[in-house]
Protein chains: 2
Amino acid sequence: MRVVIVGYGNIGKAAIDAVLASNDMQLAGVVSRRAESLKEELGKRNIQVVSELDDLDKVDVALLALPTRQVPQAAQQLLQKGISTVDSYDIHGGIADLRKQLDPIAKQSGAVSIISAGWDPGTDSVVRCLMQAMAPKGITYTNFGPGRSMGHSVAAKAVKGVKDALSITIPLGTSIHRRMVYVETEEGADFEQIKQDILADDYFKHDETHVYKVDSVADLNDVGHAVLMERKGVSGNTHNQLFKFQMHINNPALTAQIMVASARAAMKMPSGAYTLIQVPPIYLLEGDQEQLIKQLV
Amino acid sequence: MRVVIVGYGNIGKAAIDAVLASNDMQLAGVVSRRAESLKEELGKRNIQVVSELDDLDKVDVALLALPTRQVPQAAQQLLQKGISTVDSYDIHGGIADLRKQLDPIAKQSGAVSIISAGWDPGTDSVVRCLMQAMAPKGITYTNFGPGRSMGHSVAAKAVKGVKDALSITIPLGTSIHRRMVYVETEEGADFEQIKQDILADDYFKHDETHVYKVDSVADLNDVGHAVLMERKGVSGNTHNQLFKFQMHINNPALTAQIMVASARAAMKMPSGAYTLIQVPPIYLLEGDQEQLIKQLV
């Protein structure tokens, strides 16, 4: 199966590694607006980079390693051409609608779209689903971090006087989070004012937030992240069933790996658009299905 | 959907609770060899109990709450009648073959069989599958307990001079387990000899095993169990990705709940036989699929 990666940011780069590590895939190439400037870097690794997908030979699945807001339009265009897509679209409130929008397009062209196929939304969603199947009544808490929140970092960076910003999410339990915000200020900016502006921002005002001034945000950068999901619930009429799922991971590497696993699933699903909880988990894996059943069940 | 429970042991009893707690299911009744003697107990709860399935009105799915060795034959007979089945068959080495055996029978009669649908094999298998999708290279350790091992308890009970026995599995990490064996001896039996016989038994001789004499095994009985699954692996070419899944649960209540969730999935799958890793996780849940996607993804 021939896989193309659309986008060459953190996820796109990690997706190259994950495709090359898969024995059942061939990397068709990378599509990037910056194709010209990437030719040397990627050429050394024998990876083709183009600015338009049409410049590549036949492609089965495209991994959309794009900013999340660009995903819907890109997915639609590719599906219309009959190319299956995988993305890690992460605007939780928009996922169900995106799936409904892409589903008829995929069906019409006989393609498959697997959307929101990162770790949250994505594999975390599958674990939430499993936990609910095991204990239908109860509460699941998803606790993120410690790790960088892109959305919050961007919101802090947008505040007047901020040159660069990093917002770290700290889990306090029961889905409550602390925000640790590190800002590099512009020459002559008033840090106290910046701090007040961040604390008043919609992204931060509902959470415990601490703002610190640092010399270099770049020096603090670490793409590690973590999650702890916990459910206490009822199986039948038996209470106090306790479930926990935890991971500490390199964020772009995991996201890209899940997208690559989902590309494999896209080749096996009937045409249409799906979230990961609608995909048989075995489809995510490389190898003979009978052998996988023997090894994993 | 009308569900029948075949068998009335620990799992069968818990399955009644789980079916009655499901809004999308109707309990068609219980099938048991002991139907006559159970009529009063179950009659009080308005639950029909029969010795032959044919004595019940139309049934969609049968939950096989039987000793694991009776499962293959029972499943085959029901599938031949066009009744879908769910079991928690737990002989790990036989699962792939059982599925292959039941698959054509289910297909021929337009029924569905979901096999080995407990927690291990079952939901643990799904978690192992997910962890492997997230980090294809690496090692997963499944650590059981503390909790009773049925197989080991039965093996200890079969030793000469043993009246009753309980073997508790204690996790020591990296899939290594300690066996804590509690025996009630028969009048005049030699405990030292019993201890040597247990330590030499195939079930125990490869593990660290401790044997204790107690006055009453029944007084120690607790159906709680636990598991800790851990994987350290590689996503793409990024090492040290860490995953952990843990639960502390009432064993029959959880097994029965997962079987009930799988009965729901059996109504949605195309005809054939499946293990849980082949089933879209969303099929396990009650409720509108679009709503579930909104809530869980």
Side-chain angles (χ1 to χ4, degrees), chain A residues 14-18 20-22 92 95-96 99-100 116 119 121 123 125-130 132-137 234-238 240-250 253-254 256-258 260-261 275-282 284-286 289-290 292-294 296-297, chain B residues 14-18 20-22 92 95-96 99-100 116 119 121 123 125-130 132-137 234-238 240-250 253-254 256-258 260-261 275-282 284-286 289-290 292-294 296-297:
Chain A
I16 292 179
D17 295 335
L20 294 178
S22 301
H92 282 264
I95 295 169
R99 197 202 64 78
K100 277 203 282 192
S116 304
W119 57 273
T123 46
S125 318
V126 176
V127 174
R128 280 191 286 270
C129 187
L130 270 187
Q132 187 161 320
M134 292 190 274
K137 285 170 195 149
V234 187
S235 308
N237 64 11
T238 300
N240 204 34
Q241 303 280 73
L242 304 173
F243 307 89
K244 201 183 273 194
F245 178 82
Q246 193 165 25
M247 46 184 198
H248 287 88
I249 44 82
N250 174 309
L254 181 62
Q257 182 65 65
I258 296 168
V260 166
T275 58
L276 270 192
I277 65 173
Q278 301 171 278
V279 173
I282 196 173
L284 300 168
L285 301 182
E286 187 181 325
Q289 306 277 300
E290 284 302 320
L292 290 168
I293 291 172
K294 278 185 189 160
L296 294 167
V297 182
Chain B
I16 292 179
D17 295 335
L20 294 178
S22 301
H92 281 265
I95 295 169
R99 196 203 64 79
K100 276 203 281 193
S116 304
W119 57 273
T123 45
S125 318
V126 176
V127 174
R128 279 191 285 270
C129 187
L130 270 188
Q132 188 161 321
M134 292 191 274
K137 284 172 198 149
V234 186
S235 308
N237 63 11
T238 300
N240 204 34
Q241 303 281 72
L242 303 173
F243 307 89
K244 199 183 275 194
F245 178 80
Q246 192 166 24
M247 44 184 200
H248 287 87
I249 44 82
N250 175 309
L254 180 62
Q257 182 65 66
I258 295 167
V260 166
T275 58
L276 270 192
I277 65 173
Q278 300 171 277
V279 173
I282 196 172
L284 300 169
L285 301 181
E286 186 181 326
Q289 307 276 300
E290 284 303 318
L292 290 168
I293 291 171
K294 277 184 189 161
L296 294 167
V297 181

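These numbers come from a predicted model, not from an experiment. Naming convention: chains lettered A, B, ... in sequence-line order (proteins, then strands); numbering from 1 in each chain.
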As an exercise: rank B:Asp17, B:Ile277, B:Val279 by heavy-atom pairs under 4.5 Å with chain A and give me the winner.
B:Ile277

Atom group of A:Thr123 that falls short of 4.5 Å from chain B, counting heavy atoms
both

Measuring heavy-atom distances to chain B, does A:Leu254 have an atom under 4.5 Å in its side chain, in its backbone, in both, or in neither?
both

Residue among A:Leu284, A:Val127, A:Leu285, A:Thr238 with most heavy-atom pairs under 4.5 Å to chain B
A:Leu285

If you count heavy-atom pairs within less than 4.5 Å of chain A, which of B:Ser116, B:Ser22, B:Ala96 leads?
B:Ala96

Side chain, backbone, both or neither: which part of A:Leu296 has a non-hydrogen atom closer than 4.5 Å to chain B?
both

In terms of heavy-atom proximity below 4.5 Å to chain B, should A:Val297 be classed as side chain, backbone, both, or neither?
both

Let me know if A:His248 has heavy atoms under 4.5 Å from chain B in its side chain, its backbone, both or neither.
both

Side chain / backbone / both / neither for B:Ala261 at chain A, heavy atoms under 4.5 Å
side chain

Is B:Ile249 in contact with chain A via its backbone, its side chain, both, or neither, using a 4.5 Å heavy-atom distance?
both

Given the options B:Ile282, B:Thr275, B:Ile258, which has more heavy-atom pairs under 4.5 Å with chain A than any of the others?
B:Ile282

Find the one option among A:Gln289, A:Met247, A:Lys294 whose heavy-atom pairs under 4.5 Å with chain B are most numerous.
A:Met247

For chain A, find which of B:Met134, B:Lys100, B:His92 contributes the most heavy-atom pairs closer than 4.5 angstrom.
B:Met134

Heavy-atom closest contact (B:Pro281 atom, A:Pro281 atom, distance):
CD-CD, 4.0 Å

Examine distances only and state if a side-chain atom of B:Gln257 and a backbone atom of B:Ala18 form a donor-acceptor pair shorter than 3.5 Å.
no

Looking only at heavy atoms and a cut-off of under 4.5 Å, which of A:Gly236, A:Pro280, A:Pro121, A:Ala14 has the most pairs with chain B?
A:Pro280

What part of A:Ala133 gets closer than 4.5 Å to chain B, counting heavy atoms only: side chain, backbone, both or neither?
both

Pick from A:Pro136, A:Ala21, A:Ala256: which one has the most heavy-atom pairs with chain B under 4.5 Å?
A:Pro136

Go through the steps for B:Lys244 and A:Lys244 under the test side chain to side chain contact (heavy atoms under 4.5 Å, CB included), then give the verdict.
CA-CA 8 Å; B:Lys244 199 183 275 194; A:Lys244 201 183 273 194; over 6 Å; no

I need the minimum non-hydrogen distance between B:Ala253 and A:Ser235, along with the two atoms involved.
O-CB, 3.5 Å

Do any N or O atoms from the side chain of B:Gln132 and from the backbone of B:Cys129 form a donor-acceptor pair under 3.5 angstrom?
no

